[in-house]
*Asks:* 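Starting off with a structure, shown below.
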Amino acid sequence: MSRLDSFLRRLQAQRDCLNVAVAMIAKVPGPIFELGLGNGRTYDHLREACPRREIFVFERQVSAHPDCIPDAAHLLKGDVGKSLAAAQQRFAGTVALAHADLGSGNPPRDAETAAMISARLPAVMAPGGVIISDQELTLPQAEILPLPPGVQAGRYFMYLWPKTAD
Ligand SMILES: C[S@@+](CC[C@H](N)C(=O)[O-])C[C@H]1O[C@@H](n2cnc3c(N)ncnc32)[C@H](O)[C@@H]1O
């Protein structure tokens with residue numbers, strides 16, 4: 001597969017997973033966490049899809065399109081690990097949707113980031129909340145959700161918080 005095709009599939013997977021998650025949280029109140037602003041594409045998609053939700057964005061180096069930069073109250077600048085640790089109490093049990101797109105292409109670094117997110121997100125998630133990630137997370141208390149049709153296994157990961165009864 002060409003790199004162009006692979007890039008397009010990644011973006012389609014992101015969009016399809018975000019759309020499914022947004023529908024799933026329709027009745028779950030609470031803010032959205034966007035971990036990794038990047039260009040601001042997925043942030044822009046989320047704010048269009050969820051105009052009445054607060055979206056808090058975590059990013060260490062803001063270089064997004066100027067139209068896609070949240071206001072200061074919704075931008076948690078700095079290392080996401082430190083920001084998530086600082087946010088634990090304020091957002092405990094309230095987050096309806098967390099989207100993590102922090103992949104660097106460096107497997108050891110990405111594994112470390114995935115472990116950190118896996119440790120930090122459970123405390124802030126609302127019951128019925130959804131977690132989407134570009135990296136596989138270790139969330140034993142969450143239910144692994146099927147991916148939307150057409151999204152290849154391993155390209156994106158979706159979890160429901162917490163696991164429904166076995
Ligand atoms: C792949 S980009 C996100 C792309 C974004 N979803 C979009 O649609 O434009 C990943 C972003 O995560 C940020 N990032 C990666 N690791 C981070 C960390 N530990 N703390 C804060 N930001 C981080 C990078 O600076 C980068 O902007």
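Throughout, residue positions are numbered sequentially from 1 according to the sequence presented. Whatever order the structure lists them in is the order used to number ligands and atoms, beginning at 1.
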*Asks:* Can you tell me which residues line ligand 1 if we count any heavy atom under 4.0 angstrom from one of its atoms, in chain and number order?
*Replies:*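 If the criterion is a heavy atom under 4.0 Å, then ligand 1 touches G36, L37, G38, N39, G40, R41, T42, E59, R60, G78, D79, V80, D101, L102.
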*Asks:* Can you list the steps and then say if V62 with K77 is a side chain to side chain contact (heavy atoms under 4.5 Å, CB included)?
*Replies:* CA-CA 8 Å; V62 177; K77 269 197 213 167; 4.3 Å; yes
*Asks:* May I ask you to check whether over 12 heavy atoms, not counting those of I144, lie within 6.0 Å of atom CD1?
*Replies:*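 No, the 6.0 Å shell around CD1 holds no more than 12 heavy atoms from other groups.
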*Asks:* Has E112 got more than 12 heavy atoms of other residues, nucleotides or ligands less than 6.0 Å from its CD?
*Replies:*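 No, the 6.0 Å shell around CD holds no more than 12 heavy atoms from other groups.
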*Asks:* Backbone N or O of G38 within a donor-acceptor pair of the E59 side chain at under 3.5 Å?
*Replies:*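 Checking the backbone N and O of G38 against the side chain of E59, a donor-acceptor pair under 3.5 Å is found.
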*Asks:* Tell me whether R9 at atom CZ has more than 12 heavy atoms from other residues, nucleotides or ligands lying less than 6.0 Å away.
*Replies:* no
*Asks:* How would you list, by chain and number, every residue that makes a ring pair (Phe, Tyr, Trp, His ring centres under 6.0 Å) with Y43, sequence neighbours excluded?
*Replies:*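 Y43 satisfies ring pair (Phe, Tyr, Trp, His ring centres under 6.0 Å) with no residue once adjacent residues are dropped.
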